[in-house]
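All values derive from a computational prediction rather than experimental measurement.
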2 protein chains.
Amino acid sequence: MTTPAAHPSPGDLFDPACPTRQVLDRIGGKWESMLIKVLADAEPGEVRFAELRRRVTGISQKMLSQTLRSLERDGLVRRRVEPTVPPAVHYSLTPLGRSLDGPLAAVRAWAERHITAVVAARAAYDEASPS
Amino acid sequence: MTTPAAHPSPGDLFDPACPTRQVLDRIGGKWESMLIKVLADAEPGEVRFAELRRRVTGISQKMLSQTLRSLERDGLVRRRVEPTVPPAVHYSLTPLGRSLDGPLAAVRAWAERHITAVVAARAAYDEASPS
DNA sequence: CGGAATCCCGGTTGATACTG
DNA sequence: CAGTATCAACCGGGATTCCG
């Protein structure tokens, strides 16, 4: 049908406006989850821009500031500017951001526990049809 | 303290070959996680191609088959072909795939519990600098 | 120092059409 | 029914350069 109505169920994963979808779109990015982990693990809680750049190997300034801003926008990260010269900007996880690190940790744990199985499956699959 | 960085150790999130990174790259896609949930929720355990297409609103045949194949390759999904005419192909989660649904569910739960806060933060942020 | 703006390339995605 | 093939548009994201 072409059913015009499809699934209007709220909280439904199929809905583009669905919460899960929105959240996955955010943490599914290339850097988001890394940044969250780095900030979650940071001892002082706050980390400066340049330090983040150093810790998140491979990230460009553009992506760092861009990602940081999107996380800030969503209330996951806090940006604190010290009005010195030159300016020092400190980033930290908000309580909301910190709470997301839990679920993220679950995924991380799964990844570490099952990655070998995944890699093995992948190898087996590729070997079956090398083309 | 400030510290550590400088060299990516294996198993470290910063390493591009890190398990978490690989897993997030997979489930972070636009359809992967939806497919996993649909398959996980499917009562019979098996769902046919056309039925998946119907359940995952908005997906194209190309992306569906493409995503399905990548999940199959990684050992998360099983593909069973019934050699009839016309052919009937059934997809289901493997035990490995099913085990991933747990962590994914944690993320989903977080999303549903905190999405309003995220949306609010976003609105507040946008209101602060409307441009 | 932090970050905005610009340019640009390549992978990903979506329509559409064709096949077994 | 269950895909594959092709083409074109899109966009993430890297390098570079400029600014407060």
Rounding to a whole Å, what distance do you find between [X]:[atom1] and [N]:[atom2]?
X	N	atom1	atom2	answer
Arg54(B)	dC1(D)	CZ	C1'	11 Å
Ile59(B)	dG14(C)	CD1	P	8 Å
Tyr91(A)	dG2(C)	OH	P	8 Å
Glu82(B)	dG3(D)	CD	P	13 Å
Arg53(A)	dG14(D)	CZ	P	12 Å
Lys30(A)	dG10(C)	NZ	P	15 Å
Glu46(B)	dA2(D)	CD	P	12 Å
Glu72(A)	dG2(C)	CD	P	15 Å

Under a 4.0 Å threshold between the charged nitrogen and the carboxylate oxygen, would Asp126(B) count as salt-bridged to Arg73(A)? yes
Taking the minimum atom-to-atom distance to the side chain of Met63(B), which one of dT4(D), dG14(C), dG2(C) wins?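 Looking only at heavy atoms from C-beta outward on Met63(B), the closest nucleotide is dG14(C).
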Nearest-neighbour nucleotide for the Arg79(A) side chain, dG3(D), dG3(C), dA4(C) considered: dG3(C)
Looking at [N], I'd like to know if its phosphate oxygens (OP1 or OP2) sit under 4.0 Å from a side-chain N or O belonging to [X].
X	N	result
Arg48(B)	dC1(D)	no
Trp31(B)	dG14(C)	yes
Arg69(A)	dA4(C)	yes
Thr84(A)	dC1(C)	no

Option among [options] that satisfies the side chain to side chain contact (heavy atoms under 4.5 Å, CB included) test with [X]:
X	options	answer
Ser92(B)	Arg79(B), Arg80(B), Glu46(B)	Glu46(B)
Trp31(B)	Ile59(B), Leu68(B), Val38(B)	Ile59(B)
Thr67(B)	Glu32(B), Lys30(B), Arg26(B), Met34(B)	Glu32(B)

Grab the N/O contacts between the protein and nucleotides 15-20 of chain D below 3.5 Å, and write none if there aren't any.
none

Verify side chain to side chain contact (heavy atoms under 4.5 Å, CB included) between Arg108(A) and Leu104(A), making sure each step is shown before the conclusion. CA-CA 6 Å; Arg108(A) 264 183 244 129; Leu104(A) 228 38; 3.9 Å; yes
Test Arg122(A) against Gln22(B) for side chain to side chain contact (heavy atoms under 4.5 Å, CB included), laying out the working first. CA-CA 12 Å; Arg122(A) 201 176 290 172; Gln22(B) 295 186 57; 3.3 Å; yes
May I have the step-by-step check of side chain to side chain contact (heavy atoms under 4.5 Å, CB included) for Val118(A) and Val23(B), ending in yes or no? CA-CA 9 Å; Val118(A) 170; Val23(B) 169; 5.6 Å; no
